[in-house]
Number of protein chains: 2
Amino acid sequence: MVNNDSNQSVNPSKNFVLPFILLLLSRVSLHGYELSQKLQAFGFKSIDQGNLYRLLRKLEADELVSSEWDTSGNGPAKRKYSITKAGITYLRGYANQLETYQSMLDQFFSMYSSFLELYIPSFSSRDSIEKKSNDKRRKDDGKEK
Amino acid sequence: MVNNDSNQSVNPSKNFVLPFILLLLSRVSLHGYELSQKLQAFGFKSIDQGNLYRLLRKLEADELVSSEWDTSGNGPAKRKYSITKAGITYLRGYANQLETYQSMLDQFFSMYSSFLELYIPSFSSRDSIEKKSNDKRRKDDGKEK
DNA sequence: TCCTCTATGTGTATTTTACATATAGGTGAG
DNA sequence: CTCACCTATATGTAAAATACACATAGAGGA
């Protein structure tokens, strides 16, 4: 994993959350639990705690982050993670990868608007088509299906 | 897979390429080989042919697409895939998911610009950092075996 | 003939993910 | 005190996904 130098594969997934972790750690050291919460705030709804901790250990083994126990505050001991220089280098590589995803998404939605024009009118019988116009306010009632 | 009901999980990967497949098929019927090429044009550099064909069969089993043999043109017989009504419904759901990814990427790059301002000046000689210290790591992850 | 391109698959080991569970300290309610 | 709940880290493991190798076959050209 951490799929290194020249082979920047396109499929996201773990490689999608990875840059977010590194970016968060580039600003301030965090422990796993905090990280999990910040990632949720980013939009990752389904980060598995167990796998997150495992991933962090892997990142440490790969020397993209380093950790030390933090027994200062109250509550159980926390393993505080910091980014390494190698981690910073990789963050830049991952950012390039994410740019690719972004342009793919742009292409997708560009084509998708044409799709909507074709299909939305004829599908008005099925489930109520929410107005997908430029009315950004109402994003909430799109939870059908 | 094709995670059937309302649980639109956030992690991409197979779910990242899926909407692109459905979107392409929403415009015109295609066979796997064509699909593979169009996906590459979209930016998917590393679509595994074998897995793509397997995925298409799975999509057919899930009734998001349907297929029929096309023996018309020259060359070997092609399995021509078309999107179904269920596939169209799912395409809309996946599009919503991709919107989430898009906003996550926006957040990422917004924060990443700040990162660049902090790190780029001091990291102008990045090659020394990259080449140092982690040779064994970059060998054995991602492409070993 | 042999090579290459198109086209569709199977086999399978490894990697990743999902889900369950374990441990442990701290806090507040009753 | 006991219990529930939150923080915090972690392991076990079955299932799913991926990477990589390989098989088959038609058609066209050198």
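Protein chains get the first letters and strands the later ones, always in sequence-line order, with residue 1 at the start of each.
Between B/Phe108 and A/Phe20, the ring planes lie perpendicular to each other; the angle is over 60°, past the 30° to 60° tilted range.
Using a 4.0 Å heavy-atom distance criterion, A/Gly50 is classed as a base contact. Across all strands, A/Gly75 comes closer than 4.0 Å only to sugar-phosphate atoms, never to a base (heavy-atom distances).
For the pair B/Gln49 CD and D/dT18 C1', the computed distance is 15 Å after rounding to whole Å. Atom pair A/Glu34:CD and D/dA8:P shows a separation of 7 Å (rounding to whole Å applied). Rounded to an integer number of Å, the gap from OH of A/Tyr53 to P of D/dT9 is 4 Å. Here the C1' atom of nucleotide C/dT15 and the CG atom of A/Leu55 are 13 Å apart, to the nearest Å. Put simply, NE2 on B/His31 is 11 Å from P on C/dG9, counting in whole angstrom units. For the pair A/Lys78 NZ and D/dC6 P, the computed distance is 17 Å after rounding to whole Å. For the pair B/Lys58 NZ and C/dG9 P, the interatomic distance rounds to 16 Å; values are reported in whole Å. The distance from atom NZ of A/Lys45 to atom C1' of C/dC19 is 19 Å, rounded to the nearest whole Å.
Remark: the backbone N or O of A/Gly50 is paired with a side-chain donor or acceptor of A/Asp48 at under 3.5 angstrom.
Which of D/dA8, C/dG9, C/dT17 sits closest to the side chain of A/Pro76 comes down to D/dA8. Of the listed nucleotides (C/dT8, C/dG11, D/dA10), C/dG11 has the atom at the smallest distance from the side chain of B/Arg54. Here the nucleotide nearest the side chain of B/Arg79, chosen from C/dT6, C/dG9, C/dT17, is C/dG9. Listed nucleotides: D/dA8, D/dA27, C/dT8. Nearest to the side chain of B/Asn74: D/dA27. The A/Trp69 side chain lies nearest to D/dT9 when the options are C/dA18, C/dT8, D/dT9.
A side-chain donor-acceptor contact under 3.5 Å links A/Tyr101 and A/Gln97.
Taken from NZ in A/Lys85 to OG in A/Ser66, the straight-line distance is 13.0 Å, to the nearest 0.5 Å.
B/Gln40 CD: more than 12 foreign heavy atoms inside a 6.0 Å radius.
One cannot find a donor-acceptor pair under 3.5 Å joining the base of D/dA17 and the side-chain atoms of B/Asn51.
Note on B/Tyr33: every side-chain N or O is 4.0 Å or more away from OP1 and OP2 of C/dA7.
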